[in-house]
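I'd like to ask some things about the structure below.
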Amino acid sequence: MNRNLFTGKPLTLLAIILALALTACGASGSPTRINFTMTDFAFSPNEFTIPAGQELTLHITHHGSVQHNFILMKYGTDAGEMFDEADKANVFWEVDLQPGDSKTIAFAAPEQPGTYQIICGMPGHLQSGMVGKLIVTEGQ
Ligand SMILES: [Cu+2]
């Protein structure tokens, strides 16, 4: 009598199969993508964890109104109270963003497990709260 019930069944099955297929893809080591935003004056989130040496994609969106940068300090170093000339030698990796920018960048996690400091190197921004950490765990 109700034709919708009859035709509805294959569609439900298809939906389940699609859902399973998508789940399987997600579990099979697809590249890690990290999204975060910059505002005046914070990183959000300001802490993330990745396995050593992992290839990943960083997607950074700038929602603030002044220039910011994402600076990852070398293992065992930090910028202290403020980022100055002496700290530049300890920069592991840096990306600059202007207001309104959105960047997607391939990035390989450091090989050395540990906690790395993330800061914005613009004058006064570290002191204003643009600080975070990257936690690198033992590789797979
Ligand atoms: Cu900044």
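For ligands, and for the atoms within them, numbers begin at 1 and follow the listed sequence.
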Enumerate the protein N/O/S atoms at a distance below 2.8 Å from the Cu ion (ligand 1), ignoring waters.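 Protein N, O or S atoms closer than 2.8 Å to the Cu ion (ligand 1): His68 ND1, Cys120 SG, His125 ND1, Met130 SD.
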Keeping to residues at least two apart or across chains, list the salt bridge (Lys or Arg N to Asp or Glu O under 4.0 Å) pairs with something in residues 98-115.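 Passing the test, one end in residues 98-115: no pairs.
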With a 4.5 Å cut-off on side-chain heavy atoms, are Ile118 and Val131 touching?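 Of all side-chain heavy-atom pairs linking Ile118 with Val131, none is under 4.5 Å.
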Applying the side-chain contact (heavy atoms from CB on, under 4.5 Å) test to Val66, which of Met38, His125, Met122 qualifies?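 Filter result, single survivor: His125.
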Between Lys88 and Asn90, is any pair of side-chain heavy atoms under 4.5 Å apart?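 Lys88 vs Asn90: side chains apart.
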Expected list for residues 69-78: side-chain donor-acceptor pairs under 3.5 angstrom, two or more places apart:
residue, atom, partner, partner atom, Å
Asn69, OD1, Gly121, N, 2.6
Asn69, ND2, Asp96, OD1, 3.2
Lys74, NZ, Ala89, O, 3.0
Thr77, OG1, Lys74, N, 3.4
Thr77, OG1, Lys74, O, 2.8
Asp78, OD1, Gly80, N, 2.7

What side-chain donor-acceptor pairs closer than 3.5 Å can you find for residues 40-52, not counting sequence neighbours?
residue, atom, partner, partner atom, Å
Asp40, OD1, Ser65, N, 3.2
Asp40, OD1, His68, NE2, 2.6
Asp40, OD2, Ser65, N, 2.8
Asp40, OD2, Ser65, OG, 2.7

